[in-house]
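Residue numbers begin at 1 in each chain, while the letters A, B, ... track the order of the sequences.
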Amino acid sequence: MSIHRPDAISLFDPAIARQAVLASFRKLDPRDLVKNPVMFTTGVVAMLSSILFVRDIVLGLGDNVGVVGQIAAWLWFTVLFANFAEAVAEGRGKAQADSLRKTKTDTRARKIAAIDSKTWTEVAASDLRANDLVVVEAGDIIPGDGDVVSGIATVDESPITGESAPVIRESGGDRSAVTGGTRVVSDRIVVRITADPGSSFLDRMIALVEGAKRQKTPNEIALTILLVGLTLIFLIVCVTLPGFALYSGAALPVVFLIALLVTLIPTTIGGLLSAIGIAGMDRLVKFNVIAKSGRAVEAAGDIDVLLLDKTGTITLGNRQASEFIPLPDVNERELAEAAFLASLADDTPEGKSIVALAKSRFGLQETDGLQRQMTFQPFSAHTRMSGVTFAVTDGRGREEIQKGAPDAVIRWVADWAGGGTVSVVPKDIIQAVERIGKAGGTPLVVGKNGRLLGAIYLKDIIKPGIRERFQTLRKMGIRTVMVTGDNPLTAAAIAAEAGVDDFLAEATPEKKLSLIREEQAKGRLVAMCGDGSNDAPALAQADVGVAMNTGTQAAREAGNMVDLESDPTKLIEIVMIGKQLLMSRGSLTTFSIANDVAKYFAIIPALFIASYPQLQTLNVMHLASPQSAILSAIIFNALIIIGLIPLALKGVQYRPAGAEELLRRNLFIYGLGGLVVPFIGIKAIDLIVAAFGLA
Amino acid sequence: MNAAGILQIVVFFVLLTALAIPLGIYMARVYQGERTFASVILGPIERGLYKLCGIKPEQEQHWTAYAFAVLAFSLIGILVMYGLMRLQALLPLNPAGEAAVAPDLAFNTAVSFATNTNWQNYGGESTMSYLTQMLGMTVHNFTSAATGMAVAIALVRGFARRSAKTIGNFYVDAIRSILYILLPLAVVFTLFLVWQGVPQNFDPYVSATTLEGASQTIAQGPVASQDAIKLLGTNGGGFFNANSAHPYENPTALANLFQIIGLLVISGGLVVAFGRMIKDGRQARALYAAMALMLVVGIGVCYWAEAAGNPAIASQGVDITASDQAPGGNMEGKEVRFGLSASAIYAAATTGTSTGAVNSMHDSFTPIGGMVPMVNLMLGEVIFGGVGAGLHGMIVFVIITVFIAGLMVGRTPEYLGKKMESKEVKLAVLSIIVFPLSVLCLGSLAVVLPIATPAIAAAGPHGLSEAVYAYASATANNGSAFGGFSGNTPYHNSALALAMLLGRFIVIIPTLAIAGALAAKKTVPPSAGTFPTHGWLFVALLISVIVVVAGLTFFPVLALGPIVEQLSLAAGTLF
């Protein structure tokens with residue numbers, strides 16, 4: 001099964017960049033700009049300095065006209081760069097949305113009045129309403145999201161999931177949901193439409209990816225408030241400074257004050273904040289996970305407890321034979337041969353694994369068995385056994401081997417021997433069966449011609465590497481809980497082997513739900529994934545509920561994320577993406593604030609050097625002139641936004657580690673870096689500005 | 001700087017911590033309504049007071065009711081004190097025959113004492129009657145301190161509780177603060193000061209003839225009792241104009257040492273009590289360490305700058321190096337009996353806390369030495385800070401720190417298991433923004449308005465420092481004066497009162513709102529992914545955020561004031 005992910009879009013795809021440049025100008029519209037208070041402030045003062053520039057030219061004022069003009073220009077650039085960052089992020093989302101939209105062709109639907117109606121009317125897919133019934137046959141495109149109410153069909157869902165193998169969709173059960181835009185490959189189904197036009201799964205996905213309905217997430221709002229607070233503080237600083245300057249006998253040109261204001265307010269993080277948010281959603285989409293809201297992505301970073309289903313997530317879906325346990329009077333090879341023969345025609349993964357084990361232990365060959373005339377009895381839920389009967393050439397008549405659930409095989413053996421009376425069951429077989437159960441395995445018993453041979457140990461195979469992943473999660477401070485229908489004994493054994501922190505045995509949907517509520521009552525945030533309808537309440541209750549795309553419509557509605565590839569282990573990646581999103585914001589905020597120190601050392605001496613020449617001591621960067629100092633600071637301030645766009649889009653590198661270590665590392669890079677980088681940057685720009693005589 | 005001076009600093013810190021810890025443990029018990037050794041005597045009085053005032057101690061308040069009680073209590077305090085001053089000429093206990101206080105000065109003083117600022121635009125011995133000093137100043141020294149302590153405890157409860165609607169009962173918290181903490185400590189401290197020679201009487205002023213034959217009036221009065229609470233309650237309003245530089249207020253070196261400890265011990269103890277109440281001593285240790293570190297650095301810089309002395313004096317051929325006979329350095333404005341080190345500790349401690357009592361004249365410090373107290377004010381009074389105010393101010397900074405840095409570990413920031421969301425950030429930002437708003441706007445007006453500028457004595461950058469210091473002191477509810485600023489004019493009396501009100505109540509209301517919001521939240525149990533808020537990394541981070549926020553706000557003003565003055569001084573220019 002090949003999974004194709006949406007093509008990776010390079011950071012500055014020319015087509016996107018072109019669109020983004022246009023969009024950065026469109027976004028100068030004050031109605032858009034006002035959503036970002038820091039950039040709005042910058043825009044307002046850019047306008048003000050432009051007006052002052054024009055006034056200076058018209059009235060022929062001052063000798064600073066050139067510098068004023070350049071400052072005004074760079075202020076506009078600051079706003080444009082921030083707009084560009086947002087536009088690039090949006091552009092990347094749009095590119096992904098477009099590929100989704102291609103699947104949304106204008107299909108025709110065959111609407112029927114009732115499930116058993118023979119006649120249908122053809123309508124456009126866009127005219128379908130919720131609860132309409134449509135019939136879809138092989139080759140048809142399913143016209144809208146819905147539930148299969150009758151029939152069974154294979155459906156090609158690759159347009160949505162990228163998964164090339166068709167999946168089975170049938171009425172009832174957990175595989176009844178179908179998605180509009182997918183194609184029925186075989187058979188005929190009746191679908192009850194569940195979504196009105198425009199609100200289908202695909203529509204919402206496109207809207208989300210495009211960021212059309214993007215709302216600020218709680219954390220983003222809180223950060224914006226902090227940034228507004230800082231902006232206000234620096235506004236106060238700059239508004240009151242002329243008073244202190246007047247007292248000190250210094251005249252401050254308004255444009256210089258504006259330059260001070262813009263360099264101080266957190267333009268870096270302010271300019272990149274929305275790009276970071278959009279890029280975070282985008283990263284999820286690249287993992288083929290659709291988050292229904294940014295809030296869910298953010299919550300993923302805060303997860304304390306992860307509920308994981310055992311089967312398919314922690315263990316491989318199938319159990320595998322790992323050991324033959326013969327009774328004392330049987331040799332292992334004899335048991336292996338019997339099991340091998342009984343499993344030859346068994347197509348279940350368990351059966352195949354028995355064949356494989358026998359081959360590897362004793363070098364048995366398929367041909368060994370095929371020479372004989374055999375009749376296979378497939379597994380049935382009624383007998384709970386499968387076996388083989390073959391004619392024996394030496395005249396003893398017929399031989400029969402059965403393997404299956406211990407009690408069923410034991411009864412079969414007893415029947416064979418004495419016609420109904422159960423003879424004494426050997427103690428050894430009971431012991432073997434118990435031992436396997438305690439170790440977390442499933443026992444199968446093998447009997448031949450009324451004689452017990454021994455047991456096969458079917459083991460739950462822990463997925464390779466999963467143990468390490470749980471260790472990683474523990475390091476991140478996340479507790480993992482395994483959810484399984486197994487009995488507590490088996491569950492404990494598997495939990496210990498997989499290295500999960502806790503387990504919920506004999507789980508029912510109710511138990512799952514109450515576990516989530518319990519953890520939440522303790523203040524923890526819980527993530528889980530699920531697919532069945534009975535998972536829906538738990539998915540809705542969980543702070544992060546990832547529904548598998550193969551699951552039911554109910555599950556997909558209840559969860560706040562949908563995993564298109566239906567891979568439950570992806571929860572781990574989702575958590576990491578959430579954390580990365582928050583980290584990117586925090587790191588760039590720290591960087592932005594730390595930058596201000598250097599800017600002060602550039603601008604304050606420049607502003608007051610005329611009245612207090614002693615302040616030259618504070619000009620630690622030895623900037624060429626007051627004008628070039630101010631210009632360099634403002635240029636640095638604008639360029640750093642462009643410089644950090646790749647980081648904002650890619651996100652700050654996240655390595656799973658404890659909070660302490662992460663903090664130390666990020667503080668070193670973004671705190672200390674933020675302190676040092678502008679000193680170097682401003683000095684370098686100043687050298688260029690001075691060399692070209694720009695100021 | 002010499003060994004004796006440094007030893008003084010070390011001894012002071014050891015003593016302070018040794019006293020703050022048991023006091024904090026005791027305070028935590030008091031605020032949680034547990035029995036203490038003092039309950040035998042004070043318990044019945046406490047219950048009697050509740051009955052008398054109709055307070056139901058078990059009835060807790062929502063944060064809005066708590067805030068309303070704080071505001072109403074303070075407002076009534078302001079009105080009563082205003083009345084006392086306006087009518088003191090008609091009231092008893094006025095042997096010096098002080099006249100009614102002018103309306104603007106009375107307003108300024110009433111606000112000043114009710115907000116725990118104790119900015120004094122008057123000389124106590126020449127303006128206030130004994131009755132005003134006792135019923136007005138001294139009573140407010142208790143009540144304003146108790147108000148601050150109550151607010152801090154309410155905020156601590158916000159962290160300690162989960163999914164709760166209430167944050168305590170203001171009246172109960174205030175009464176317990178006074179009855180169990182301030183009053184007993186004040187009695188002990190008063191007796192100590194009396195032993196050290198501080199007067200405590202109602203005698204009329206004494207006339208004396210000096211050696212030169214001039215006649216001198218020596219003021220008397222109930223000094224020790226007000227002296228004790230001015231420090232314990234981080235009030236700072238002296239009985240005499242010279243405050244703790246006056247030999248009657250601060251007679252000996254031992255008295256001086258314990259005065260400094262006295263003005264820090266409750267604030268320090270409240271940090272310990274915070275650790276007790278949230279049941280996590282490590283968190284309290286981190287805050288204590290951050291406060292102590294900033295205090296040490298402040299003392300160190302101030303001591304170093306003063307010990308280095310004034311190069312302009314040295315250039316006149318005066319020997320300013322320390323010797324066994326002379327302290328050396330810059331002794332201008334300092335009491336010889338205290339010397340450089342004790343003056344530096346006092347200056348840093350009184351401005352780090354919102355006390356404002358002084359044992360030397362900050363105006364006479366070297367520019368950098370004088371910048372230390374000014375910076376302490378600008379940091380927002382979180383270096384132990386005012387009783388209560390320091391702790392809740394610090395916690396607000398912790399919220400900001402945790403919010404900025406906490407995101408860097410990839411989780412919604414949380415402190416003590418409480419998630420910091422937009423509501424908390426909004427309120428924290430609001431309470432932090434008041435400070436620059438008041439100091440910079442009113443300070444800027446003070447140096448340019450023709451009606452305001454005559455108050456400034458010195459020229460140039462030093463004059464700027466004088467004016468900015470006054471408004472920083474008022475907004476920080478500190479009350480210490482740089483000197484050289486004659487604030488007793490209708491304009492400054494009103495503007496300073498405004499600064500004090502803003503700095504007190506626009507901080508307290510959001511703080512209580514934070515307390516209410518936090519109490520209502522669930523508590524997230526800590527995990528390996530939780531942002532660690534103990535340990536040195538966090539201490540360093542917290543200090544950086546406090547310094548960077550204040551630094552970014554006030555750097556331009558500091559550059560135009562003390563920094564340029566120091567640079568000029570080195571170049572031989574004086575102002």
For chain B, find which of A/Leu260, A/Thr589, A/Thr240, A/Leu662 contributes the most heavy-atom pairs closer than 4.5 angstrom.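 When all of A/Leu260, A/Thr589, A/Thr240, A/Leu662 are compared, A/Thr240 has the most.
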Most contact-rich option vs chain B, by heavy-atom pairs under 4.5 angstrom, among A/Gly586, A/Pro605, A/Ala594, A/Gly671, is A/Gly586
Chain A interface, residue from [options] that has the most non-hydrogen pairs under 4.5 Å:
options                                : answer
B/Lys521, B/Arg411, B/Glu414, B/Met408 : B/Met408
B/Val545, B/Ile563, B/Thr523           : B/Thr523
B/Gly417, B/Pro525, B/Pro526           : B/Pro525
B/Phe403, B/Phe538, B/Phe531           : B/Phe403
B/Val448, B/Leu437, B/Val447, B/Val429 : B/Val447
B/Leu440, B/Val425, B/Val524, B/Leu537 : B/Leu440

B/Tyr469 and B/Phe485: aromatic ring centres closer than 6.0 Å? no
Give a yes or no on whether the ring-centroid distance for B/Phe435 and B/Tyr471 is below 6.0 angstrom.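 No, the ring centres sit 6.0 Å or more apart.
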Structural part of [X] lying under 4.5 Å from a heavy atom of chain B:
X        : result
A/Arg664 : both
A/Leu226 : both
A/Leu667 : both
A/Leu618 : side chain
A/Phe608 : side chain
A/Leu663 : both
A/Lys475 : backbone
A/Thr617 : side chain
A/Ile233 : both
A/Ala250 : neither
A/Glu660 : both
A/Ile593 : both

What I want to check is whether the side chains of A/Asp501 and A/Thr480 have a donor and an acceptor closer together than 3.5 Å.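 Per modelled atom types, A/Asp501 and A/Thr480 side chains form a pair under 3.5 Å.
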How about A/Asn637 and A/Thr267: does a side-chain donor come under 3.5 Å of a side-chain acceptor?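 Per modelled atom types, A/Asn637 and A/Thr267 side chains form a pair under 3.5 Å.
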Where do A/Asp302 and B/Thr412 land on the side chain to side chain donor-acceptor pair (under 3.5 Å) test, with the steps shown first? CA-CA 6 Å; A/Asp302 283 350; B/Thr412 296; 2.3 Å; yes
Please assess B/Met378 against B/Leu558 for the test side-chain contact (heavy atoms from CB on, under 4.5 Å), listing each intermediate value before the final yes or no. CA-CA 10 Å; B/Met378 289 168 172; B/Leu558 290 174; 3.9 Å; yes
Portion of B/Ile456 that has a non-hydrogen atom of chain A nearer than 4.5 angstrom: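 For B/Ile456, the side chain is the part near chain A, not the backbone.
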Is the shortest side-chain N to carboxylate O distance from A/Arg524 to A/Glu518 below 4.0 Å?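 Result for this pair is no, no salt bridge flagged.
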Lys/Arg-Asp/Glu bridge criterion (N-O < 4.0 Å) met for B/Glu424, B/Lys418: no
Validation row: A/Gln541, A/Gln520 side chains within 4.5 angstrom (heavy atoms): yes
Within the structure provided, determine whether B/Gln283 and B/Leu416 are in side-chain contact (heavy-atom separation under 4.5 Å). yes
Are any side-chain N or O atoms of B/His534 and backbone N or O atoms of B/Arg285, one a donor and one an acceptor, separated by less than 3.5 Å? no
From CA spacing to verdict: side-chain contact (heavy atoms from CB on, under 4.5 Å), A/Leu223, A/Glu220: CA-CA 5 Å; A/Leu223 187 54; A/Glu220 210 177 337; 5.7 Å; no
